[in-house]
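Values below: all heavy atoms of this structure, side chains included; hydrogens, waters and symmetry mates excluded.
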Amino acid sequence: MGLGTALPTIVAELDAQHWYSWPFTVFLAASAIGTVIGGRQSDRRGPAVPLLLALPAFAIGLLVAGFAPTMPVLLVARVLQGLAGGVLIVALYVMIARVFPEEHRPAAFGALSSAWVVPALVGPVVSGVLTEQASWRWVFLGLAPLVCIGAVMLVPAARRFGARSDDPPVPRPGLPLAAVGAAGGVVALNWAAQDPAVGSLLVGLVGVVVLVPSLRLLLPAGTLRARPGIPVMVLSRGLLSGLFFTAQAFVPLALTVVHHYSPTAAGVPLTVGSVGWTAGALWQSRQRELRRERVVAAGFALVGVGIAGLALSLPAWGPHWLVFACWFVAGCGMGIGVTSTSVRVLALSAAGERGFNSAALQISDMLGQAALVGLGGVVVAALATPASPTAGVAPLDLALLVAAGLAALALVRATRNRTS
């Protein structure tokens with residue numbers, strides 16, 4: 001949460017301006033590998049060991065980053081953080097499935113979502129203060145002790161559910177190699193999106209060639225065909241994240257360039273969206289009887305409403321104040337939609353498959369963001385002119401709006417067909 005605020009200072013001090021986006025990119029790629037490792041180990045040995053190993057590993061990554069003398073060392077630290085973060089989130093999902101009965105899981109995931117509110121609100125501010133008043137290194141070093149304390153606090157609880165499930169996991173040979181392929185594909189696609197050129201296009205094509213067979217192993221069968229059940233929930237997770245974060249990526253740009261907001265004020269809608277996300281997650285936590293496919297469809301609809309508001313508010317003639325309200329609505333859609341995909345997938349998963357399916361949710365989430373944000377960057381860059389650098393934002397938002405509407409209709413129709 002705080003890296004974005006500190007990153008301009010980091011790249012300037014390390015003389016690595018051309019590596020600006022790579023601390024995010026390598027974290028994303030390493031997370032793909034970490035989710036697969038965490039899912040497989042959670043299915044085989046239970047979530048306790050992966051959870052308790054991931055937190056110290058993340059702390060080591062923070063320490064390496066805090067003392068990094070060069071950008072390559074910082075990138076190694078981000079790889080460690082990404083691996084640990086991927087393991088951590090999947091282990092948490094499996095832990096929720098092991099500890100909470102199905103009717104209480106919506107509340108558990110609502111609580112998990114609410115844990116993002118404070119970091120989203122204060123993380124960038126604290127990071128900015130530390131960077132200006134002390135050093136950007138304390139953004140990493142200051143968190144390491146807290147992570148270690150958290151690991152120690154979890155030990156007593158983890159002992160109660162450390163044993164593996166009685167339901168053995170399905171053998172899935174080739175998962176580690178597929179995870180590496182997915183990570184490489186993400187890196188290649190991000191490289192191609194950030195540097196549009198003939199050579200980058202070839203790199204992107206190679207990334208797709210590597211990524212597609214990897215996904216056949218990493219995602220449940222039928223995901224790309226939106227097969228009912230777990231596959232359509234996994235696909236919905238990626239689409240929701242891709243639509244939301246692609247639209248959000250260009251909000252600060254449009255507010256700054258078109259409506260002349262300060263950088264700080266231009267980031268406020270992102271915080272408002274985080275609050276909406278938590279509100280939506282908490283609302284769904286009290287709705288135990290709802291059909292989760294329809295809740296996810298409602299999530300798509302609310303994200304679509306938010307994106308439609310962006311399309312109206314971001315042009316020069318638009319009411320710029322509308323962006324705050326509409327992005328709260330979009331955040332609510334993410335809160336009910338993303339959380340419901342997790343609840344539904346765990347409800348449909350055998351005990352020995354919870355780790356694999358939770359990892360598939362995270363990989364779909366990550367790839368949806370990487371693919372659509374990268375594509376959105378290409379669209380905005382292609383339509384930009386010196387006089388109107390944000391000319392591509394409104395057409396992009398309209399395309400995302402159509403995609404959200406079609407996804408919502410498809411989910412509702414699939415639910416009706418199954419009911420009939």
Are the side chains of [X] and [Y] in touch, meaning some heavy atoms are under 4.5 Å apart?
X	Y	answer
Phe109	Ile96	yes
Arg294	Val412	no
Met334	Ser241	yes
Val49	Gln41	no
Phe300	Leu239	yes
Arg98	Pro47	yes
Pro23	Leu3	yes
Leu75	Trp22	yes

If we check ring-ring contact (aromatic ring centres under 6.0 Å, His included) with Trp327, which of these qualifies: Phe245, Phe244, Trp321, Trp277?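 When ring-ring contact (aromatic ring centres under 6.0 Å, His included) is applied between Trp327 and each of Phe245, Phe244, Trp321, Trp277, only Phe244 qualifies.
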Please check this pair: side chain of [X] against backbone of [Y], looking for a donor-acceptor N/O pair closer than 3.5 Å.
X	Y	answer
Thr339	Ile336	no
Asn357	Glu353	yes
Ser358	Gly355	no
Ser285	Ala107	no
Arg105	Phe100	yes
Gln284	Pro106	yes
Glu293	Leu411	no
Thr246	Gly242	yes
Asp397	Ile307	no
His259	Pro319	no

Take a 6.0 Å sphere around CD of Glu102 and say whether it holds more than 12 heavy atoms from other residues, nucleotides or ligands.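 Not more than 12 within 6.0 Å, no.
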For [X] versus [Y], what's the shortest heavy-atom pair and its separation?
X	Y	answer
Ala68	Trp136	O-CH2, 4.2 Å
Leu14	Leu74	CD1-CD2, 4.4 Å
Ala65	Ala77	N-CB, 3.4 Å
Leu80	Gly61	CB-CA, 4.0 Å
Ala179	Val36	CB-CG2, 3.7 Å
Pro269	Val323	CG-CG1, 4.1 Å

So Val87 and Leu53, side chain to side chain contact (heavy atoms under 4.5 Å, CB included) or not? Walk me through it. CA-CA 9 Å; Val87 172; Leu53 290 179; over 6 Å; no
Between [atom1] on residue [X] and [atom2] on residue [Y], distance to nearest 0.5 Å:
X	Y	atom1	atom2	answer
Ser42	Ile37	OG	CD1	11.0 Å
Ile363	Leu218	CD1	CG	4.5 Å
Ile149	Leu55	CD1	CG	12.0 Å
Leu346	Thr341	CG	OG1	9.5 Å
Met95	Leu88	CE	CG	9.0 Å
Leu282	Thr278	CG	OG1	6.5 Å

Quiz question: by atom type and distance under 3.5 Å, do the side chains of Arg292 and Ser340 form a donor-acceptor pair?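 Yes.
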Please determine whether side chain to side chain contact (heavy atoms under 4.5 Å, CB included) holds for the pair Arg40 and Leu175, giving the CA-CA distance in whole Å, both sets of side-chain angles, and the decisive distance to 0.1 Å. CA-CA 9 Å; Arg40 203 61 180 156; Leu175 279 184; 3.8 Å; yes
Run Leu235 and Ser364 through side chain to side chain contact (heavy atoms under 4.5 Å, CB included) and show every step you take. CA-CA 7 Å; Leu235 179 62; Ser364 179; 5.5 Å; no
Verify side chain to side chain contact (heavy atoms under 4.5 Å, CB included) between Arg354 and Ser349, making sure each step is shown before the conclusion. CA-CA 6 Å; Arg354 289 168 177 164; Ser349 298; 4.0 Å; yes
